[in-house]
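Right, one structure below, let's go through it.
Just so it is clear, the model here is predicted, and its values are computed rather than measured. The chains referred to below are lettered A, B, ... by the order of the sequence lines, with proteins before strands, and numbering in each begins at 1.
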Amino acid sequence: EAQVTQNPRYLITVTGKKLTVTCSQNMNHEYMSWYRQDPGLGLRQIYYSMNVEVTDKGDVPEGYKVSRKEKRNFPLILESPSPNQTSLYFCASSKGQGFIQYFGAGTRLSVL
Amino acid sequence: AQRVTQPEKLLSVFKGAPVELKCNYSYSGSPELFWYVQYSRQRLQLLLRHISRESIKGFTADLNKGETSFHLKKPFAQEEDSAMYYCALIGNNNDMRFGAGTRLTVKP
């Protein structure tokens, strides 16, 4: 089944404790992206990747890192999480720019 | 700057009534526009895109370049249409920008 898989689905952590949210897709998509969803602000793009080893900043990259060492994986790294990063995070993938994006189920992160 | 505006955070209609979810954009070029939907406890999924000009679940959206709008319409709303709807635009830098979303509630 074609899908985008995020892990974990729920995470509670404390300020400053490094964490990684994984994202994997099995559709051989070149384009992958991370968003955060906040009430009243909709979805905002954090980082995106056009292909392996090619990543770029979205609208709200501060406090986040990503890597794209393999086509199927696009982990989101929070080196030193802060409470303002408490949010619902979505990973998405597509064949490329302008193509339909497929979303993961979301990761709800709480930073205390 | 590319921007997507959904002026209504909440929209409530009765079953069988027409519904229109507004989306306005600012973009210097030929836009690629989409509507995504998020049903309760489900992931976001594409509803429709302006290029395909198709009707999905009875919804249509027409790109109006003069008014820079891409409103989503359905003539007869159903209770199962209750969801969060996001308008989105593909920007110059290959990034996708979403509006703030409109929560549609269809009452019986």
Quiz item: Does CD1 in A:I12 sit with more than 12 non-hydrogen atoms of other residues, nucleotides or ligands closer than 6.0 Å?
Solution: no
Quiz item: Transitively linked via ILVMFWY side-chain contacts under 4.5 Å: A:V4 with B:L44?
Solution: yes
Practice problem: Please flag which part of A:L41 lies under 4.5 Å from any non-hydrogen atom of chain B: side chain, backbone, both or neither. | Solution: backbone
Practice problem: Find out if a path of hydrophobic residues (ILVMFWY) with successive side-chain heavy-atom gaps under 4.5 Å connects A:F90 to A:V66. | Solution: no
Quiz item: How long is the span from the CD atom in A:Q101 to the CZ atom in B:F34, to the nearest 0.5 Å?
Solution: 7.5 Å
Quiz item: Of all heavy-atom pairs between A:I100 and B:R49, which one has the smallest distance, and what is that distance?
Solution: CG1-NH1, 4.1 Å
Self-check item: Nearest-0.5 Å distance that lies between atom CG in B:L46 and atom CZ in A:F103
Solution: 9.0 Å
Exercise. Locate the shortest heavy-atom distance separating A:L43 from B:Y86; write the atom from each residue and the value.
Key: N-CE2, 4.1 Å
Exercise. Examine B:F98 and B:Y85 and state if one hydrophobic cluster contains both, with Ile, Leu, Val, Met, Phe, Trp and Tyr joined whenever side-chain heavy atoms are less than 4.5 Å apart.
Key: no
Quiz item: Which bit of B:R97 is near chain A, if near means a heavy-atom gap under 4.5 Å: side chain, backbone, both or neither?
Solution: side chain
Quiz prompt | Over 12 non-hydrogen atoms of neighbours within 6.0 angstrom of CZ in A:R44 | solution = yes
Quiz item: Any link between A:Y64 and A:L88 through a network of hydrophobic side chains (Ile, Leu, Val, Met, Phe, Trp, Tyr) touching at under 4.5 Å?
Solution: no
Exercise. Drop me the distance from B:R43's CZ to A:Y102's OH, to the nearest 0.5 angstrom.
Key: 12.0 Å
Practice problem: Check whether A:Y35 gets within reach of chain B through its side chain, its backbone, both or neither, counting any heavy atom under 4.5 Å. | Solution: side chain
Quiz prompt | Region of A:D59 in contact with chain B, defined by heavy-atom distances below 4.5 Å | solution = side chain
Practice problem: Take atom NZ of B:K73 as the centre, draw a 6.0 Å sphere, and report whether it contains more than 12 heavy atoms from other residues, nucleotides or ligands. | Solution: no
Quiz item: Does OH belonging to B:Y39 count more than 12 external heavy atoms closer than 6.0 Å?
Solution: yes
Quiz item: Do the non-hydrogen side-chain atoms of B:Q38 and A:Q37 ever get within less than 4.5 Å of each other?
Solution: yes
Exercise. Please report the shortest heavy-atom distance between A:G40 and B:A100, naming the atom on each side.
Key: O-CB, 3.6 Å
